[in-house]
Amino acid sequence: MTRRVYETDSYIREFDTVITATGTDDNGQPYAELEETVFFPEEGGQNADTGTLMIRDTGKSVRVTGGHINGDVIRYTLSEPVARGATVHCVLDWDIRYDRMQNHSGEHILTGVIHNKYGFDNVGFHLSDTGAVTLDLNGVISYEEVIEAERTANAVIYSDLPVSDSYPGKDELKDIDYRSKKEIDGQVRLITIGEGDMTVDVCACCAPHVRRTGEIGIIKVISVINWKGGIRISMLCGRRALEFINREHDILTEAARGLSTEASNVPSRISALIGEVSELKGKLYEALEAEVINRIKSSADDEMRLVFVSGDYPAVVVKDIYNALAERYDGYCGVFAGDDDTGYRYNAGSRGKDSRELGAVLKEKLAARGGGSADMIQGRIEADEETIRRFFREL
Ligand SMILES: [Zn+2]
């Protein structure tokens, strides 16, 4: 059984201990067990600590790449095998660990604040190292209520309250009101945020935490979505929250500079621009439609039986162009909007024939999709202009 030093002191970054067992896991990775450990294994939604083991006798360093706990046994996967009985100097990857401590303690505070006010529980927790920290609540509150809880949680940070661990006996535990995701056999470890009248949260937890809430720096909610009958909150704390806010701030500043306006005006400027673009697009396609229809009306013989247009032509414009073609020509005609790479949206057919017959052959020979009536068929076709033109020539 490994003595878990990280449980009682999460700030020890370097430590000397002895390798008590070694082996190779199912993936062919060498592993080792330690007499005492500062490396938190993968557990409760949090990834395992990483670091190095320096072998005292040889001075050689081996990377700790993961850790798995099974009952009382913790096995650490290593970059290279080590010898049983060796004394090793352990060094924790502290920046990664401290980031996880800030985020994990912050999660306890936010969940505790919401639990105290609404009675909901955290039924799923994941501390991703690249994305946000997510917590799943078994009840629904609005985004505004989550942001109100975020404000309260940040006030807990400003108060710089102590964070402590305790190991109550079974009888003692019966009288303690604490949050827990599951029934725990054996010794329960409680993490308490605050103390006395200023107790914010008590929760059963196996992970390392910061000593005081002030170390968390900031709790920032990133998003709130509906999730399995409750909500999923994505959040960030500490350094990671600062980096996120900096990134978002840079994006907003750049957008404001591009739009030659203040950051606060960016949303209204974008709405106005979207409106302008949509109006101009309408006018552009109206003009293009008029121009194509004029050419159809004055075209000689079969010159414009097939019309190919590129761009984001609205369906109604494509249909208007088809109607002009169908009036001008007796046989099959069609309009194709798109390009050779992505395919074409089409309206095709003939007033004098049953257009559905054309549809059937198009489907058979060019794998076109769509349908329609005797007057007109419409759909999508994944063929190039040359192939489509040849198809109509050979009809
Ligand atoms: Zn926890």
Side-chain angles (χ1 to χ4, degrees), residues 4-11 37-49 67-69 74 92 96-116 118-129 131-138 146 149-150 152-154 156-157 161-168 173 176-195 199-221 227 230-241:
R4 301 171 209 167
V5 178
Y6 59 80
E7 281 192 345
T8 45
D9 191 340
S10 52
Y11 287 78
T37 185
V38 293
F39 302 111
F40 177 72
E42 185 179 342
E43 200 176 1
Q46 183 169 327
N47 286 337
D49 284 336
H68 303 275
I69 188 164
I74 304 177
L92 185 61
I96 299 171
R97 152 68 86 76
Y98 192 64
D99 169 78
R100 291 172 184 165
M101 282 160 55
Q102 285 182 315
N103 280 280
H104 200 136
S105 299
E107 179 272 319
H108 276 225
I109 295 176
L110 185 64
T111 304
V113 164
I114 294 173
H115 176 81
N116 295 345
Y118 302 97
F120 301 151
D121 281 306
N122 181 346
V123 291
F125 167 65
H126 185 63
L127 203 168
S128 155
D129 285 324
V133 175
T134 59
L135 57 109
D136 302 338
L137 296 176
N138 58 355
V146 173
E150 176 196 78
T152 309
N154 277 291
V156 172
I157 292 177
L161 302 177
V163 180
S164 57
D165 57 319
S166 59
Y167 303 83
L173 204 57
I176 303 174
D177 183 17
Y178 68 99
R179 297 189 295 113
S180 175
K181 277 207 275 293
K182 54 185 181 190
E183 283 299 314
I184 302 163
D185 300 328
Q187 180 63 61
V188 171
R189 176 177 184 254
L190 293 181
I191 296 296
T192 302
I193 312 266
E195 59 190 343
T199 301
V200 176
D201 185 53
V202 185
C203 182
C205 182
C206 52
H209 285 266
V210 296
R211 281 188 193 120
R212 300 195 70 89
T213 60
E215 291 183 61
I216 299 162
I218 181 173
I219 294 174
K220 183 74 204 92
V221 169
W227 186 261
I231 55 171
R232 166 168 285 186
I233 299 174
S234 297
M235 60 179 285
L236 287 172
C237 300
R239 182 177 51 77
R240 247 202 273 178

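The structure presented is a predicted model; accordingly, all values stated were derived computationally and were not measured. All ligand and atom numbering here is 1-based and tracks the order in the structure. Reckoned from all heavy atoms, side chains included, excluding hydrogens, waters and symmetry mates.
Residues passing the ring pair (Phe, Tyr, Trp, His ring centres under 6.0 Å) test with Y11, sequence neighbours excluded: W94.
For residues 200-219, every residue pair satisfying the salt bridge (charged side-chain N to carboxylate O under 4.0 Å, His left out) rule, not counting sequence neighbours, is listed here: D160-R212, R179-D201.
Residue C203 does not count as close to the Zn ion (ligand 1), with no N, O or S atom under 2.8 Å. The Zn ion (ligand 1) has an N, O or S atom of H104 under 2.8 Å away, backbone or side chain. Checking C206 against the Zn ion (ligand 1), every N/O/S atom stays at or beyond the 2.8 Å cut-off.
T134 and H126 share no side-chain donor-acceptor pair at under 3.5 Å.
A donor-acceptor pair under 3.5 Å is formed between the side chain of R100 and the backbone N or O of A48.
Expressed to the nearest 10°, the angle at the Zn ion (ligand 1) joining SG in C205 with NE2 in H108 is 110°.
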